[in-house]
Amino acid sequence: MLASAMIAAVAGVTSAASADCPRKDALGTARVLTVDPKAFPRVGTKSFPQTLPLADHEVVLTFDDGPHPPTTAKVLAALAQECVRATFFLIGQSAAEHPDMVKRIAREGHTIGHHSWSHPLMSKIGFEQARDNIDRGIAADEMALNGASTSTPSTPFFRFPYFESTPATLDLLQSRGIAVFGADLWASDWEEMTPEQQLKLVTERLNAAGKGIILFHDPKARTAAMMPAFLRHLRENGYRIVHIVPPGHAQRNADAGR
């Protein structure tokens with residue numbers, strides 16, 4: 001990337017307000033990073049050559065496939081306990097079923113991204129069907145969050161189900177100014193394991209990588225169960241949380257949930 005593009009993309013970086021956190025020993029959110037889709041149309045080294053400009057020991061927490069109230073609520077509680085903000089990529093069908101949970105995610109200061117309507121394998125369906133599933137998911141998320149059904153997202157962040165995109169769908173989202181998120185590492189929480197096994201797996205991967213965008217799934221009970229211990233690991237090992245937001249929208253999700 002050209003240096004000028006990098007500078008423009010990170011110009012919106014601000015420090016998180018630690019004064020907002022009642023626990024002085026909490027992990028907290030170290031900084032807010034404004035991600036401009038024009039400069040970062042596709043990020044995450046598991047899928048793309050580029051990722052976000054993170055320093056060593058900086059991590060971005062992301063959660064897919066919610067909202068699922070029983071487990072999403074536990075994840076939110078763990079994040080709140082440590083004053084941490086994350087990004088939730090929502091399934092439109094679930095958002096339509098649980099609008100109060102969508103509003104709660106936003107009200108607690110997290111960023112809401114999009115993850116399709118029904119989580120199809122988009123590389124195996126036609127372009128028109130894939131586009132419709134993307135648009136329907138965004139519209140459902142927006143209805144739950146803002147009370148308006150629109151395929152123009154208030155937060156232009158999208159993650160493909162299974163990370164399975166096509167050149168046509170990638171071009172579609174880029175033409176609409178929507179950033180596509182992959183991940184730099186993940187917890188493999190779709191596999192059967194105990195919370196303790198998951199904690200060991202993801203901390204080993206993070207310690208090896210040193211930084212990055214991390215993928216979790218908030219509907220997974222094992223993820224909800226291990227999240228307090230994972231956040232404690234971050235705090236005790238000098239990791240710093242970076243909260244991502246789109247240009248000019250740092251407070252939009254929070255305001256919408258009030």
Side-chain angles (χ1 to χ4, degrees), residues 1 6-7 9-35 40 43-64 72 74-89 105 108-111 113 157 159 181-189 193-218 220 222-245 250 254:
M1 171 185 292
M6 178 72 78
I7 292 170
V10 301
V13 173
T14 59
S15 297
S18 58
D20 293 341
C21 185
R23 268 189 57 211
K24 299 306 180 184
D25 63 338
L27 172 61
T29 299
R31 67 183 179 111
V32 177
L33 174 62
T34 298
V35 179
F40 292 94
V43 295
T45 54
K46 287 290 188 181
S47 302
F48 308 112
Q50 182 184 44
T51 193
L52 296 175
L54 301 176
D56 184 54
H57 273 61
E58 286 191 334
V59 297
V60 174
L61 301 182
T62 68
F63 296 87
D64 281 9
T72 302
K74 292 179 180 179
V75 168
L76 289 173
L79 297 175
Q81 178 68 17
E82 292 289 347
C83 300
V84 165
R85 291 183 179 179
T87 297
F88 289 77
F89 291 91
I105 293 169
E108 295 187 10
H110 306 290
T111 295
F157 296 167
R159 179 177 274 152
F181 280 79
D184 298 315
L185 64 147
W186 48 61
S188 296
D189 52 1
M193 66 181 85
T194 66
E196 293 76 18
Q197 289 170 327
Q198 185 184 338
L199 177 64
K200 182 176 184 293
L201 178 66
V202 70
T203 54
E204 287 177 349
R205 288 176 176 174
L206 177 57
N207 291 340
K211 61 180 179 179
I213 305 167
I214 309 177
L215 166 66
F216 294 102
H217 292 81
D218 52 296
K220 297 296 185 181
R222 63 181 66 90
T223 295
M226 61 78 68
M227 192 52 55
F230 176 70
L231 296 176
R232 185 166 59 250
H233 173 86
L234 296 183
R235 173 163 47 84
E236 293 175 352
N237 289 276
Y239 287 95
R240 298 177 300 279
I241 298 296
V242 176
H243 180 213
I244 56 172
V245 298

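Expressed to the nearest 0.5 Å, how far CG of Leu61 lies from CG of Leu234 amounts to 6.5 Å. Annotation: the span from Leu79 atom CG to Arg85 atom CZ amounts to 11.5 Å, rounded to 0.5 Å. For the atom pair Leu185 CG and Arg205 CZ, the distance stands at 8.0 Å (nearest 0.5 Å).
Of the possible polar contacts, one joining the Arg240 side chain to the Asp56 backbone as a donor-acceptor pair under 3.5 Å is found. With hydrogens and angles ignored, the 3.5 Å screen pairs no side-chain donor or acceptor of His110 with any backbone N or O of Ile105. With hydrogens and angles disregarded, no donor-acceptor distance shorter than 3.5 Å links the side chain of Thr223 to the backbone of Phe216. In terms of modelled atom types and a separation under 3.5 Å, the side chain of Arg235 and the main chain of Ala26 share no donor-acceptor contact. With Lys211 contributing its side chain and Leu54 its backbone, the two residues share a donor-acceptor pair below 3.5 Å. In this structure, Asp189 contributes its side chain and His217 its backbone to a donor-acceptor pair below 3.5 Å. Under the 3.5 Å distance criterion, the side-chain polar atoms of Thr51 are left unmatched by any main-chain donor or acceptor of Thr45.
Across all their heavy atoms, Phe48 and Val43 have their closest contact at CD1-O, 3.5 Å. Considering every non-hydrogen atom in both Phe157 and Val35, the closest pair reads CE2-O, 3.8 Å. Between Pro195 and Met226, the shortest heavy-atom distance links the atoms O-CB, 3.6 Å. Minimum interatomic distance between Leu199 and Ala229 (heavy atoms only, all atoms of both residues): CD2-CB, 3.7 Å. The shortest non-hydrogen separation linking Ser188 to Leu201 is CB-CD2, 3.9 Å. Across all non-hydrogen atoms, the minimal contact from Asp64 to Asp218 is O-OD1, 3.0 Å.
Between Cys83 and Ile241, every side-chain heavy-atom pair lies at or beyond the 4.5 Å cut-off. Taking 4.5 Å as the limit, every side-chain heavy atom of Lys220 sits out of range of all side-chain heavy atoms of Gln198. The closest side-chain heavy-atom distance from Thr62 to Phe181 is not below 4.5 Å. Between Asn237 and Leu206 there is no side-chain heavy-atom pair separated by less than 4.5 Å. Met227 is not listed as a side-chain neighbour of Lys74, based on a closest heavy-atom distance of 4.5 Å or more. By the 4.5 Å heavy-atom criterion applied to side chains, Thr111 and His243 are counted as neighbours.
A salt bridge links Arg23 with Glu82: at least one charged nitrogen is closer than 4.0 Å to a carboxylate oxygen.
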Original post:
Run the side-chain contact (heavy atoms from CB on, under 4.5 Å) check on Phe40 and Leu33 step by step: do they pass?
Top reply: CA-CA 12 Å; Phe40 292 94; Leu33 174 62; over 6 Å; no
**OP:** For Ile214 and Val60, run side-chain contact (heavy atoms from CB on, under 4.5 Å): C-alpha distance rounded to whole Å, both residues' side-chain angles, the deciding distance at 0.1 Å, then the answer.
**Re:** CA-CA 6 Å; Ile214 309 177; Val60 174; over 6 Å; no
Original post:
Taking it one step at a time, do Arg159 and Leu215 satisfy side-chain contact (heavy atoms from CB on, under 4.5 Å)?
Top reply: CA-CA 11 Å; Arg159 179 177 274 152; Leu215 166 66; 3.3 Å; yes
Original post:
Does the side-chain contact (heavy atoms from CB on, under 4.5 Å) test come out yes or no for Ile213 and Ile244, once each step is laid out?
Top reply: CA-CA 10 Å; Ile213 305 167; Ile244 56 172; over 6 Å; no
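A side chain to side chain donor-acceptor pair (under 3.5 Å) with Lys200 is found for one member of Glu204, Glu196, Gln197 and no other, namely Glu204.
Classified by interplanar angle (parallel below 30°, tilted 30° to 60°, perpendicular above 60°), the ring pair His57/Tyr239 is parallel.
Under the side chain to side chain contact (heavy atoms under 4.5 Å, CB included) criterion, Ser47 pairs with Phe163, sequence neighbours left out.
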